[in-house]
Engineer: 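Shown below is the structure under consideration.
Everything quoted here is computed from the prediction, not taken from an experiment. Naming convention: chains lettered A, B, ... in sequence-line order (proteins, then strands); numbering from 1 in each chain.
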Protein chains: 2
Amino acid sequence: MARPKQFDPEHALDAAMDAFWRKGYAATSAQDLVDSTGLGRGSLYNTFVSKHRLFEEVLRRYEEQWTTRQEAILEGPEAVRERIRAVMMTVVDEETAAQDGRRGCLAVNAAVELAGLDADVTRLVRRIFGRVEEALYGALARARRDGEIDADKDPRALAQFVLNAMYGLRVLGKTADRHTLTGIVDTTLAAL
Amino acid sequence: MARPKQFDPEHALDAAMDAFWRKGYAATSAQDLVDSTGLGRGSLYNTFVSKHRLFEEVLRRYEEQWTTRQEAILEGPEAVRERIRAVMMTVVDEETAAQDGRRGCLAVNAAVELAGLDADVTRLVRRIFGRVEEALYGALARARRDGEIDADKDPRALAQFVLNAMYGLRVLGKTADRHTLTGIVDTTLAAL
DNA sequence: CACCTTCTGGAACGGTCGGTCAAATACTCG
DNA sequence: CGAGTATTTGACCGACCGTTCCAGAAGGTG
């Protein structure tokens, strides 16, 4: 019908995600987004409407990618504790791998920066948190039925407990060393 | 020697802390600081040099106030688990009390927004985290000597585990309800 | 009291913010 | 190949950014 886009919107979304992830929402300028995506200002606004809408889209994409990966690990055939160790260790790995700035979890960063101030972001973050909790709950409930987890433990409480520890790692990961973080993972797993 | 200040710098610092706490560093403008402190631009810059220096001063004041309070609770005469429950519940209370925007912990917010990007803030945050960990460690080491905690438990690992859970609460506190948060506190305490 | 220093309030600074727009361009379809 | 439509480019917008500056006010000191 007309001139097609010269860029891949998903690729641009990934570039924008990287920018927001490193610097946060407020500190990432329109110019930063132009630079990181390589798009012109016009194309950027023509495609993504506004900085805010772009950020929402980025969060949705993050949910799609990250949550799906966590769900896949948690639905695996290994022992629950191994599966939960695996998801927790992806967090530790992410935080300690990058030598240049540990950027944490985009959803956690967004929650800390904007929850309560921005209704749309709050809603998106709540959904991401909810999905991960649900995946943990699924794994733990199944493990309890299978006798891997004591019958007197509440899978819902355990799921929230693990989720809490994972998000703690995102915060402590900003300053703590790998040894400390793996120690926390061990202590957390021992409580299941 | 000359004209004395018409305002109390500590009071201004508290007002600035409130502004930074609610909106974060980047999203708080010089105008916001003028409005919240009630100072003129001249007085503000004459006293606090720059937005960045002011934020550092605010973080130091936060450390002084918050850390001291946590240390006081942890040095108390009650059973360790009660003392640790008390510090964790102050977090839960803070997050669920405010109807208008749960602002979290200033140090956690600063860590998530700026650690890795701002060396001065990273250093200050690391010190705050360190002091709280040390206070927890002191309480747990004493409890182990007194037989309140099993001898085969490592007080350092437990201190970091509790610290991690506290910072998780700061994140989850953005979206979770009080019942969920208290449940997490219970599960965490049961692991000591 | 006059002097000197500091503080105060607000105008003003260059720069950047998020966002818009019109002209040039490149594609599809008839 | 010409008409029509959407994308691209980058100049441009008013508002606001963090910061500076200065004229005048207000004390303490001699």
Engineer: For A:S43 and D:dT8, is the shortest distance between a side-chain N/O and OP1 or OP2 below 4.0 Å?
Structural biologist: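 Yes.
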
Engineer: Cationic tip of A:K51 within the cone over A:F20's six-membered ring, i.e. under 6.0 Å and within 45° of the normal?
Structural biologist: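 No, A:K51 does not sit over the ring of A:F20.
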
Engineer: Output the single nucleotide from D:dA26, D:dT9, C:dG19 whose closest atom is nearest the side chain of A:Q6.
Structural biologist: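 Of D:dA26, D:dT9, C:dG19, D:dT9 is nearest to the side chain of A:Q6.
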
Engineer: Please state how far atom CG in B:L44 lies from atom C1' in D:dC17, giving the value in whole angstrom units.
Structural biologist: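 So the CG-C1' distance, B:L44 to D:dC17, works out to 15 Å.
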
Engineer: To the nearest Å, how far apart are A:K5 NZ and C:dT28 C1'?
Structural biologist: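 These atoms are roughly 16 Å apart.
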
Engineer: Rounded to whole Å, how long is the line connecting atom OH of A:Y45 with atom C1' of D:dG10?
Structural biologist: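 Interatomic distance, OH of A:Y45 to C1' of D:dG10: 14 Å.
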
Engineer: Starting from C1' on C:dG9, measure out to CG on B:D35 and report it in whole angstrom.
Structural biologist: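 B:D35 atom CG is separated from C:dG9 atom C1' by 14 Å.
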
Engineer: Can you tell whether the side chains of B:D14 and B:R61 come within less than 4.0 Å, N to carboxylate O?
Structural biologist: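 Yes.
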
Engineer: Which listed nucleotide (D:dA25, C:dC17, D:dT7) is nearest to the side chain of A:N46?
Structural biologist: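 The closest nucleotide is D:dT7.
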
Engineer: Taking the nucleotide of DNA chain C with the closest heavy atom to each, which residue, A:A26 or A:G42, is nearer the 5' end?
Structural biologist: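 Mapping each residue to its closest nucleotide by heavy atoms, the 5'-most match is A:A26.
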
Engineer: Specify the separation, in whole Å, of atom CD of B:Q31 and atom P of C:dA12.
Structural biologist: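 Spelled out: CD on B:Q31 to P on C:dA12 is 16 Å.
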
Engineer: Using whole Å, report how far CZ of A:R41 lies from P of D:dC13.
Structural biologist: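 Value for this atom pair: 14 Å.
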
Engineer: I want to verify a distance call: between C:dC27, D:dT8, C:dG18, whose nearest atom is closest to the A:P4 side chain?
Structural biologist: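 Nearest nucleotide to the side chain: C:dC27.
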
Engineer: Would you mind classifying the nucleic acid contact of B:F48 as base, sugar-phosphate or nothing, using non-hydrogen atoms under 4.0 angstrom?
Structural biologist: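 Nothing: the residue B:F48, judged by heavy atoms under 4.0 Å, touches no strand.
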
Engineer: Which comes earlier along DNA chain D counting from the 5' end, the contact point of B:K51 or that of B:A2, where each point is its nearest nucleotide?
Structural biologist: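 Counting from the 5' end, the first nearest nucleotide belongs to B:K51.
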
Engineer: Classify the nucleic acid contact of B:T47 as base, sugar-phosphate or nothing, counting any heavy atom under 4.0 Å across all strands shown.
Structural biologist: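 Nothing, no heavy atom under 4.0 Å.
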
Engineer: Would you kindly give the OH-to-P distance between A:Y25 and C:dC17, to the nearest whole Å?
Structural biologist: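 After rounding, the reported distance stands at 14 Å.
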
Engineer: Got a salt bridge between A:E78 and A:R85, using NZ or NE/NH1/NH2 to carboxylate O under 4.0 Å?
Structural biologist: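 So A:E78 does not pair with A:R85 through a salt bridge.
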
Engineer: Does NE2 in A:H52 sit with more than 12 non-hydrogen atoms of other residues, nucleotides or ligands closer than 6.0 Å?
Structural biologist: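 Count over threshold, so yes.
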
Engineer: Check if the side chain of B:R3 and the base of C:dT6 share a donor-acceptor pair of N or O atoms closer than 3.5 Å.
Structural biologist: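 For B:R3, whose side chain was compared with the base of C:dT6, there is no donor-acceptor pair (under 3.5 Å).
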
Engineer: So which atom in B:F129 and which in B:L163 form the shortest heavy-atom distance, rounded to 0.1 Å?
Structural biologist: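 Heavy atoms only, the tightest pair is O-CD2, 3.9 Å.
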
Engineer: Atom CG of B:L39 and atom P of C:dG9: how far apart are they, to the nearest Å?
Structural biologist: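 That distance rounds to 8 Å.
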
